[in-house]
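Notes follow the structure.
One is the number of the first residue; the rest follow in order along the sequence. All values derive from a computational prediction rather than experimental measurement.
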Amino acid sequence: PFVKRINILVGMGNESKRILRGIGVLNNNIFILQNFHDPNIYKISTDNIYWDIIYVGMLNHRKGVNYLIEALNICKNSYNLVIVGDGPQKSKLKALVSQMSLNDKIEFVGEVDNVNKYLSQSRLLVLPSKMEGLPAVAIEAMYVGLPAILPNICDIPTYFKHGRECLLFNPGDIITLARYIETILENELTYNSFKLAASNWSKVHQESWSLNNQIVLWNNVLQSSII
């Protein structure tokens, strides 16, 4: 296979490494690196909160945004949601929102340049994806002290701990997703505990994922490939 002829393949975590090894990539050719995130551009919000829940990402089949809409529909309490992003499923998702009479609770804002602003004005990030690697927006949420509900797939559980800064659920499990939304948002003490853990998460990872550290790691990777 062509992958055996590649000198460098980069994954985000151990699960990525396992998958790459499973398709024939040699162990010595796999390197674990994270995307660089500048914590200085993220601020823990003191803004007014406008949204209970935020989703950020593409609107396509693998992102599973319909699961989030369906989960909101069965929540015992009423929450509002802002959907940031665009994609081929936008029309279908809007139709689903109308079908469930949630037009006054869910707003589609499309692609934006200031995702940080929307994160800062929200209480909870939810990513209902069927497939993910290590989603950048989950990291960005931590930097603004925003708790998250994330899919329990790929490299996500390597970096995010269930019950601490986030809750992890199996993709497509709408009942559990609805229950987790209520778990985090309905109790102030619980919410503040998740929020504090999210802020602490960013402090723990800030140095290892800094630009200077990533430059050192990439230099090591490139040097190792020189024969």
Side-chain angles (χ1 to χ4, degrees), residues 12 34-58 63-65 67-69 71-72 75 77-85 105-129 132-153 155-169 176-206 208-210:
M12 295 292 187
Q34 294 80 34
N35 289 330
F36 160 65
H37 293 269
D38 182 0
N40 295 317
I41 69 174
Y42 303 105
K43 304 294 182 183
I44 293 180
S45 175
T46 56
D47 295 339
N48 292 328
I49 300 299
Y50 296 110
W51 307 101
D52 296 312
I53 302 166
I54 183 171
Y55 165 83
V56 179
M58 285 290 293
K63 291 296 186 178
V65 181
Y67 297 145
L68 175 53
I69 295 170
L72 285 183
C75 282
N77 296 297
S78 177
Y79 306 104
N80 57 26
L81 162 68
V82 59
I83 296 177
V84 180
K105 296 296 181 182
I106 299 177
E107 182 175 353
F108 293 78
V109 297
E111 295 181 355
V112 300
D113 295 326
N114 54 343
V115 172
N116 183 39
K117 174 185 175 182
Y118 284 88
L119 290 171
S120 298
Q121 293 176 344
S122 304
R123 298 183 66 207
L124 173 67
L125 171 73
V126 177
L127 296 183
S129 311
E132 278 291 355
L134 181 62
V137 70
I139 299 167
E140 293 165 356
M142 297 297 113
Y143 279 131
V144 299
L146 192 65
I149 299 176
L150 306 171
N152 189 23
I153 54 177
D155 293 317
I156 290 173
T158 301
Y159 296 102
F160 300 97
K161 183 175 175 60
H162 177 75
R164 187 177 61 191
E165 64 274 348
C166 72
L167 291 174
L168 303 176
F169 78 106
T176 298
L177 177 54
R179 177 163 55 86
Y180 282 175
I181 289 170
E182 293 177 329
T183 295
I184 293 179
L185 292 181
E186 282 308 304
N187 184 287
E188 186 176 356
L189 288 177
T190 300
Y191 178 78
N192 288 336
S193 175
F194 276 96
K195 187 173 179 65
L196 177 61
S199 300
N200 290 337
W201 186 98
S202 66
K203 295 173 184 175
V204 169
H205 291 85
Q206 182 170 326
S208 62
W209 290 10
S210 68

*Minimum heavy-atom distance Y79-K105, with the two atoms named*: O-CB, 3.7 Å

*asked:* Run the side-chain contact (heavy atoms from CB on, under 4.5 Å) test on N77 and E186 for me, step by step, so that the C-alpha distance in whole Å, both residues' side-chain angles and the decisive distance to 0.1 Å come before the verdict.
replied: CA-CA 9 Å; N77 296 297; E186 282 308 304; 3.3 Å; yes

*asked:* A side-chain contact here means heavy atoms from C-beta on lying under 4.5 Å apart; do P128 and Y55 qualify?
replied: yes

*Report yes if some heavy atom in the side chain of L146 is under 4.5 Å from a heavy atom in the side chain of K195; otherwise report no.*
no

*Can you name the closest pair of heavy atoms from S129 and P151 and give their distance?*
O-CB, 3.4 Å

_Rounded distance [0.5 Å steps], SG in C75 versus CG in L185_ = 8.5 Å

*Just how far is it from atom CG of L124 to atom CG of L119, taken to the nearest 0.5 Å?*
11.0 Å

*asked:* Given I83, which partner from the list V65, V109, V56 fulfils the side chain to side chain contact (heavy atoms under 4.5 Å, CB included) test?
replied: V65

*asked:* Can you tell me how far apart CD1 (I53) and CZ (R123) are? Round to the nearest 0.5 Å.
replied: 9.5 Å

_For the student: nearest non-hydrogen atoms of Y143 and S202, plus distance_ = CD2-CB, 3.2 Å

_side-chain contact (heavy atoms from CB on, under 4.5 Å) between W201 and I139, worked out_ = CA-CA 9 Å; W201 186 98; I139 299 167; 4.0 Å; yes

*Find out whether V126 and L177 are in side-chain contact, i.e. whether some heavy atom of one side chain is under 4.5 Å from a heavy atom of the other.*
yes

*Do E140 and N116 pass the side-chain contact (heavy atoms from CB on, under 4.5 Å) test, and can you show the C-alpha distance, the side-chain angles, and the key distance before you say yes or no?*
CA-CA 8 Å; E140 293 165 356; N116 183 39; over 6 Å; no

*Do you know which two heavy atoms are closest between I49 and S120, and how far apart they sit?*
CD1-O, 3.6 Å

*Verify, without hydrogens or angle tests, whether N80 (side chain) and D52 (backbone) share a donor-acceptor contact under 3.5 angstrom.*
yes

*asked:* Can you tell me how far apart CD1 (I69) and CG (L81) are? Round to the nearest 0.5 Å.
replied: 7.0 Å

*Check whether any side-chain heavy atom of Y191 lies under 4.5 Å from a side-chain heavy atom of P147, and answer yes or no.*
yes

*asked:* Using every non-hydrogen atom in the two residues, find where V84 and V112 come nearest and quote the distance to one decimal.
replied: CG1-CG2, 3.5 Å

*May I have the step-by-step check of salt bridge (charged side-chain N to carboxylate O under 4.0 Å, His left out) for E132 and K63, ending in yes or no?*
CA-CA 8 Å; E132 278 291 355; K63 291 296 186 178; 2.7 Å; yes

*Atom CZ of R179 and atom CG of L167: how far apart are they, to the nearest 0.5 Å?*
9.0 Å

*Might you point out which heavy atoms bring R164 and A197 nearest each other, and give the distance in Å?*
O-CB, 3.4 Å

*Rounded to the nearest 0.5 Å, what separation is found between the OG1 atom of T176 and the CG atom of N152?*
11.5 Å

*Applying side-chain hydrogen bond (donor to acceptor under 3.5 Å, both in side chains), name anything that partners N200, two or more places apart in sequence or on another chain.*
none

*Run the numbers on I181 and I149 for side-chain contact (heavy atoms from CB on, under 4.5 Å), then give the verdict.*
CA-CA 8 Å; I181 289 170; I149 299 176; 3.7 Å; yes

*Determine yes or no for a side-chain-to-main-chain donor-acceptor pair under 3.5 angstrom, with N114 supplying the side chain and K117 the backbone.*
no

_If the condition is ring-ring contact (aromatic ring centres under 6.0 Å, His included), which residues does Y159 pass it with, not counting sequence neighbours?_
W209

